[in-house]
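The next block holds one structure in the form of structure tokens; read it before the comments.
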Amino acid sequence: MYNNRGPADVRRVFTGKDARLLNAQGQTLATVDTFTAQVNVTNATYQPLGDTQSHEHLSSYSVSLNITQCIIEDDEFIQDMFTMFSVGQPVMWTFQGVLKGRNGSEQRMIFRDCVPSGQIDLQNFTIGDIIKRQWSLFCNCPPELQNLLSYA
């Protein structure tokens, strides 16, 4: 039998708010509403002479982070951004993304040399809404997988 665990146990897939965004030292960096790490893979297509099938080969990949931050108080992010504006030197951050399973296991990834990329909210307001700031970041180093979630 391939599946000896039976039907999926839905208690294992609910996460709630058990994810964190940490700095390089392992401290919670900001109050984050959503956090997404994505990889974009680009392949080169080739077709050898006499072969009717097209093939693909890895050409490049890039990793990006998208964060929606709840603004409770201004923090290191926005201060670093305004320092970048005044000094002209780019900012670079290291993050740890941590997802915690209900069984105590955790998935941890390290994202190094992340720089602001694309549009970033400086201020936005909606009447009666929670103040949030959207960040788009580009990772200049491959992500490092530290831990995996487990089913046990």
Side-chain angles (χ1 to χ4, degrees), residues 3 5 8-46 54-152:
N3 185 359
R5 295 185 185 156
D9 185 350
V10 296
R11 294 173 298 170
R12 307 262 184 214
V13 297
F14 293 126
T15 61
K17 293 289 183 182
D18 43 14
R20 294 192 303 161
L21 183 64
L22 309 172
N23 65 10
Q25 291 74 38
Q27 301 163 333
T28 300
L29 194 59
T31 304
V32 176
D33 188 278
T34 62
F35 169 74
T36 305
Q38 297 176 316
V39 63
N40 181 22
V41 177
T42 304
N43 290 335
T45 303
Y46 70 98
S54 293
H55 304 270
E56 288 191 355
H57 175 73
L58 176 65
S59 176
S60 67
Y61 71 92
S62 61
V63 176
S64 61
L65 303 178
N66 292 294
I67 302 163
T68 304
Q69 173 189 17
C70 294
I71 308 300
I72 295 171
E73 59 185 353
D74 284 325
D75 57 9
E76 180 181 341
F77 276 151
I78 198 68
Q79 293 173 37
D80 286 352
M81 181 69 80
F82 275 86
T83 300
M84 180 184 79
F85 294 159
S86 63
V87 177
Q89 294 295 320
V91 295
M92 196 170 293
W93 293 295
T94 296
F95 299 111
Q96 296 183 50
V98 182
L99 302 174
K100 190 167 186 132
R102 292 192 175 234
N103 59 356
S105 67
E106 72 175 21
Q107 181 189 74
R108 184 179 297 255
M109 294 183 192
I110 309 293
F111 304 92
R112 299 186 191 281
D113 298 346
C114 299
V115 297
S117 178
Q119 288 188 319
I120 296 169
D121 292 342
L122 293 178
Q123 286 186 324
N124 61 45
F125 301 99
T126 303
I127 294 175
D129 203 359
I130 296 171
I131 301 171
K132 296 181 181 179
R133 184 175 289 133
Q134 177 69 37
W135 292 87
S136 298
L137 306 164
F138 186 88
C139 301
N140 284 310
C141 288
E144 302 166 28
L145 181 61
Q146 299 291 311
N147 296 338
L148 291 171
L149 288 172
S150 67
Y151 185 78

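Note that this is a predicted model, so its numbers are computed, not measured. In what follows, every heavy atom counts, from backbone to side chain, and hydrogens, waters and symmetry copies are set aside.
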(request) Compare all side-chain heavy atoms of P116 with those of V91 and state whether any distance is below 4.5 angstrom. (result)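 They are in contact (side-chain heavy atoms under 4.5 Å apart), so the answer is yes.
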(request) Please tell me if the side chains of Y61 and P142 come closer than 4.5 Å, counting only heavy atoms from C-beta onward. (result) yes
(message) Using a 3.5 Å distance criterion without hydrogens, assess whether the side chain of N147 forms a donor-acceptor pair with backbone atoms of S105.
(response)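 Checked: no pair found.
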(request) State whether the side chain of R133 and the backbone N or O of D121 hold a donor-acceptor pair below 3.5 Å, judged by distance alone. (result) yes
Heavy-atom pair of closest approach, residues [X] and [Y]:
X    : Y    : result
W135 : Q69  : NE1-OE1, 2.9 Å
F111 : G97  : CE1-N, 4.1 Å
F82  : L122 : CE1-CD2, 4.2 Å
L99  : L149 : O-CD2, 3.8 Å
Q119 : S136 : O-OG, 3.4 Å
T94  : D113 : OG1-N, 4.0 Å

(message) If you count every heavy atom of other residues, nucleotides or ligands that lies below 6.0 Å from L58 atom CG, does the total exceed 12?
(response)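 Yes, CG of L58 has more than 12 neighbouring heavy atoms, counting only those of other groups under 6.0 Å.
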Rounded at 0.5 Å granularity, tell me how far [atom1] in [X] sits from [atom2] in [Y].
X    : Y    : atom1 : atom2 : result
C114 : N140 : SG    : CG    : 8.0 Å
W93  : D80  : CH2   : CG    : 5.5 Å
R108 : L145 : CZ    : CG    : 11.5 Å
Q96  : M109 : CD    : CE    : 12.5 Å
I110 : C139 : CD1   : SG    : 11.5 Å

(request) Please assess Q134 against N66 for the test side chain to side chain contact (heavy atoms under 4.5 Å, CB included), listing each intermediate value before the final yes or no. (result) CA-CA 7 Å; Q134 177 69 37; N66 292 294; 3.8 Å; yes
(request) Please report the C-alpha distance between S59 and N43 in whole Å, then the side-chain angles of each, then the deciding distance to 0.1 Å, and finally whether the side-chain hydrogen bond (donor to acceptor under 3.5 Å, both in side chains) criterion is met. (result) CA-CA 5 Å; S59 176; N43 290 335; over 6 Å; no
(message) Let's go through E144 and R112 carefully: what are the C-alpha distance in whole Å and the side-chain angles of both, what is the deciding distance for side chain to side chain contact (heavy atoms under 4.5 Å, CB included) to 0.1 Å, and is it a yes or a no?
(response) CA-CA 9 Å; E144 302 166 28; R112 299 186 191 281; 2.6 Å; yes
